[in-house]
2 protein chains.
Amino acid sequence: MKEKATSFDIAHLAGVSQSTVSRALNNSPLVNEETRRRVQEIARELNYKVDKNASNLRKQKSSTIALLLFEDPTSDDSMINPFFLAMLGSITRACAQANYDLLVSFQNLEDDWHAEYEDSNKADGIILLGYGDYTDYQNKVAQLESQGTHFVRWGAPDEAHPGVSIGCDNYQGGQNITEHLLSLGKASFAFIGDNGQQAPEFMARYQGYIDTLKKHGLEKNSVQRNAISTEEAGYNGILSLMSTGELPQVIVCASDLIAMGVLRALRENRIQVPDDVAVVGYDNISISAYTTPTLTSVQQNTKLAGELLVNTLLKAINNEHVEDYLMPAEVIVRQSCGSKLSK
Amino acid sequence: MKEKATSFDIAHLAGVSQSTVSRALNNSPLVNEETRRRVQEIARELNYKVDKNASNLRKQKSSTIALLLFEDPTSDDSMINPFFLAMLGSITRACAQANYDLLVSFQNLEDDWHAEYEDSNKADGIILLGYGDYTDYQNKVAQLESQGTHFVRWGAPDEAHPGVSIGCDNYQGGQNITEHLLSLGKASFAFIGDNGQQAPEFMARYQGYIDTLKKHGLEKNSVQRNAISTEEAGYNGILSLMSTGELPQVIVCASDLIAMGVLRALRENRIQVPDDVAVVGYDNISISAYTTPTLTSVQQNTKLAGELLVNTLLKAINNEHVEDYLMPAEVIVRQSCGSKLSK
DNA sequence: CTGAAAGCGCTTACAG
DNA sequence: CTGAAAGCGCTTACAG
């Protein structure tokens with residue numbers, strides 16, 4: 001491997017000082033146009049690239065963001081939640097656009113992960129993304145907060161969780177999908193998904209759902225089964241429901257992954273969707289457009305979410321004022337709910 | 001935000017020199033046990049973390065690997081190939097185990113991406129992962145090679161592609177799945193998937209498939225339709241086949257994503273799988289265990305692949321001798337092929 | 001517009 | 001086992 005060129009080599013070749021090389025390469029307005037051109041020309045020839053470690057050390061910033069992805073410890077290795085992967089993609093793109101690098105790290109909540117990335121100057125800030133046990137999560141977040149680490153988290157704004165939150169309005173999403181189902185004349189419901197402190201997203205979706213039913217005096221016509229966000233949990237949830245001997249008109253799933261399991265169980269039992277029972281999901285993961293029947297779902301705009309997370313974090317890093325943001329959720333009507341408008 | 005502590009602060013508090021602090025923190029054997037304990041204790045209290053930029057600058061290595069993920073430009077944003085995402089997960093884990101950080105970057109092949117990560121000392125080496133147009137790809141890889149950049153690529157070893165390759169034996173995978181189908185008594189076949197220079201993985205799978213048919217004198221009983229690795233392409237491919245008026249006994253898909261589209265088209269046309277026609281995929285993505293029927297596929301061991309990629313790259317970085325590696329492929333028998341052994 | 005110089009926070013020969 | 005010193009490759013006040 002060849003020796004790497006330094007700014008001194010360029011300076012020598014260009015017949016200017018190393019300071020001028022640095023200025024020219026950083027497009028400082030202080031440098032003469034002709035000098036700049038010559039320096040940049042030589043840099044290109046030598047395939048010179050600024051040493052990021054030196055530059056970062058000097059500037060005391062890294063132009064890097066760390067993404068900490070918390071996995072649900074119960075999910076197996078290969079089945080990362082597709083929603084988070086979509087987010088990963090959009091965060092990567094947003095970072096690239098802002099000229100930041102992205103350090104990605106999958107974390108188990110048990111790990112001692114707190115601010116290490118920022119503390120060691122490897123990253124200027126941190127994005128937290130993941131479901132998981134929020135009791136544990138919360139302590140860590142509080143710790144980040146107290147250390148003055150720059151971070152944003154994906155999730156609903158919540159006094160109990162310090163720091164800035166960017167999230168999607170799960171409560172409103174739960175309302176919207178339920179209103180849609182009511183507009184189709186549905187009158188009995190099951191909700192499959194966890195409904196507890198450890199899963200605040202699911203809980204908010206459930207609250208939106210049940211409050212809407214209450215508004216219409218239908219809350220008595222609802223049952224609920226717990227399920228984490230996996231195909232298997234959905235499969236088991238609907239089986240548990242079927243073992244009671246009767247099914248409601250609609251199965252509202254707290255996530256599309258859950259709905260996948262529900263659809264499979266129903267197919268295996270020759271129960272027609274949407275004719276015998278309607279099914280709706282949440283997240284609008286890409287596969288939902290391709291199931292049979294295609295799955296009605298609630299979309300969280302991952303592209304916008306990634307941009308908001310990155311841009312908000314960058315503002316925080318620059319010590320600008322930042323605020324929580326709650327994105328609206330959008331019902332995507334497909335076949336599984338039995339809507340006449342479905343495509 | 002509080003001022004960050006430096007090694008000098010620790011030295012002051014511990015009453016030793018800064019050099020000793022550095023040694024103690026790096027567990028150098030040169031340092032006295034008692035001194036080490038005291039230094040580490042103080043470092044913990046101050047929540048001190050070594051500044052990576054300074055440390056990397058001094059050591060001239062970054063302990064970071066860059067993963068360049070090439071997307072198929074035709075696939076939409078949210079539908080990243082699940083196989084690569086599984087790889088992402090396993091690469092991340094392998095990096096963590098080796099105490100390396102992972103910089104992730106999605107790349108379009110048009111971008112000027114070549115060695116920038118290593119050139120700017122942000123990464124010690126690069127992992128290249130992705131399908132895509134190999135004509136373009138190849139030039140860039142040659143460029144990396146000539147610059148002496150440390151890198152490994154995912155893909156089949158190939159004289160035409162310089163550099164070290166870790167890949168899965170697609171030819172053997174194609175053979176194995178075909179042998180399995182023959183053992184089930186199948187006698188007419190369709191292969192859905194691209195078969196050209198731009199998709200060497202698919203081409204190798206096709207070669208394994210067609211050579212096996214030839215061996216059994218059955219190559220006349222095969223048709224082929226082009227398809228890139230998307231659900232939609234698979235859907236269109238099978239429709240094109242159906243428009244001829246007859247279907248073979250088996251549809252061999254070049255990827256599970258293609259098989260998803262095939263299954264959907266068959267369901268929509270009330271063609272029973274596996275009774276009317278058998279279907280097999282390739283990649284064994286997680287969703288394949290949950291389709292109806294469950295999909296027979298060929299597994300590439302992503303966990304092992306991630307570890308091999310990372311460990312091979314680390315060896316290359318240390319200037320150890322490294323070699324291409326071709327992992328065996330394994331047929332995962334499920335319902336869609338109609339095997340009696342299926343689960 | 002340019003150059004000489006300081007210094008970012010470490011690691012590691014070198015000397016003891 | 002420890003300390004004083006050099007230096008990794010930059011950026012940026014400071015002086016002109």
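In what follows, every heavy atom counts, from backbone to side chain, and hydrogens, waters and symmetry copies are set aside. Order of the sequence lines fixes the chain letters, A, B, ..., with proteins taken first and strands second; residue numbering starts at 1 for each chain.
OP1 or OP2 of C/dG9 lies within a sub-4.0 Å distance of a side-chain N or O belonging to A/Q60. Proximity of A/S17 to the phosphate of C/dG3: a side-chain N or O atom is located under 4.0 Å from OP1 or OP2. For D/dG9, neither phosphate oxygen OP1 nor OP2 lies less than 4.0 angstrom from any side-chain nitrogen or oxygen of A/S7.
The base-pairing partner of D/dG3, taking Watson-Crick or G-U wobble contacts with both distances under 3.5 Å, is C/dC14.
Regarding B/H12, its NE2 atom lies at a distance of 17 Å from the P atom of C/dG9, rounded to whole Å. Atom NZ of A/K49 is separated from atom P of D/dC10 by 12 Å (rounded to the nearest Å). Whole-Å rounding puts the B/Y48 OH to C/dG9 P distance at 10 Å. Taking atom CG on A/D51 and atom C1' on D/dG9, their separation rounds to 6 Å, with Å as the unit. Regarding A/N56, its CG atom lies at a distance of 13 Å from the C1' atom of C/dG9, rounded to whole Å. One can place CG of A/L25 at 13 Å from C1' of D/dG9, the figure rounded to the nearest angstrom. Taking atom CD on A/E34 and atom P on C/dC1, their separation rounds to 12 Å, with Å as the unit. The distance between atom CG of B/N53 and atom P of C/dC8, rounded to the nearest whole Å, is 14 Å.
Between A/Q18 and B/Q18, it is B/Q18 whose nearest contact on DNA chain D lies nearer the 5' terminus. Residue-to-nucleotide proximity on DNA chain D shows that, of B/V31 and A/K59, the 5′-proximal contact is made by B/V31. A residue-by-residue look at A/T20 and A/R58 shows that A/T20 has its nearest nucleotide of DNA chain C further toward the 5' end.
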> Which is it for B/Q40 and B/L25 under the side-chain contact (heavy atoms from CB on, under 4.5 Å) test, yes or no, and what are the steps along the way?
Replying inline: CA-CA 6 Å; B/Q40 294 193 341; B/L25 260 20; 4.0 Å; yes
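Legend: residues meeting salt bridge (Lys or Arg N to Asp or Glu O under 4.0 Å) with A/E45, ordered by chain and number and at least two apart, are absent.
Of all the heavy atoms in A/C95 and A/I65, the pair that sits closest is SG-CD1, 4.0 Å.
In summary, the side chains of A/Q60 and B/N53 do not present any donor paired with an acceptor at a separation below 3.5 Å, with no hydrogens or angles considered.
Note on A/S55: only backbone sugar-phosphate atoms sit closer than 4.0 angstrom, heavy atoms only; bases stay farther off. Counting non-hydrogen atoms under 4.0 angstrom, B/S19 reaches a base of the nucleic acid. Counting non-hydrogen atoms under 4.0 angstrom, A/N26 reaches the backbone sugars and phosphates but no base.
Rounded to the nearest Å, the gap between the C1' atom of C/dT12 and that of C/dG16 is 16 Å.
In this structure, A/E41 does not pair ionically with A/R37, as no charged nitrogen and carboxylate oxygen lie closer than 4.0 Å.
The base of C/dG3 sits with one of its N or O atoms less than 3.5 Å from a complementary donor or acceptor on the side chain of A/R23.
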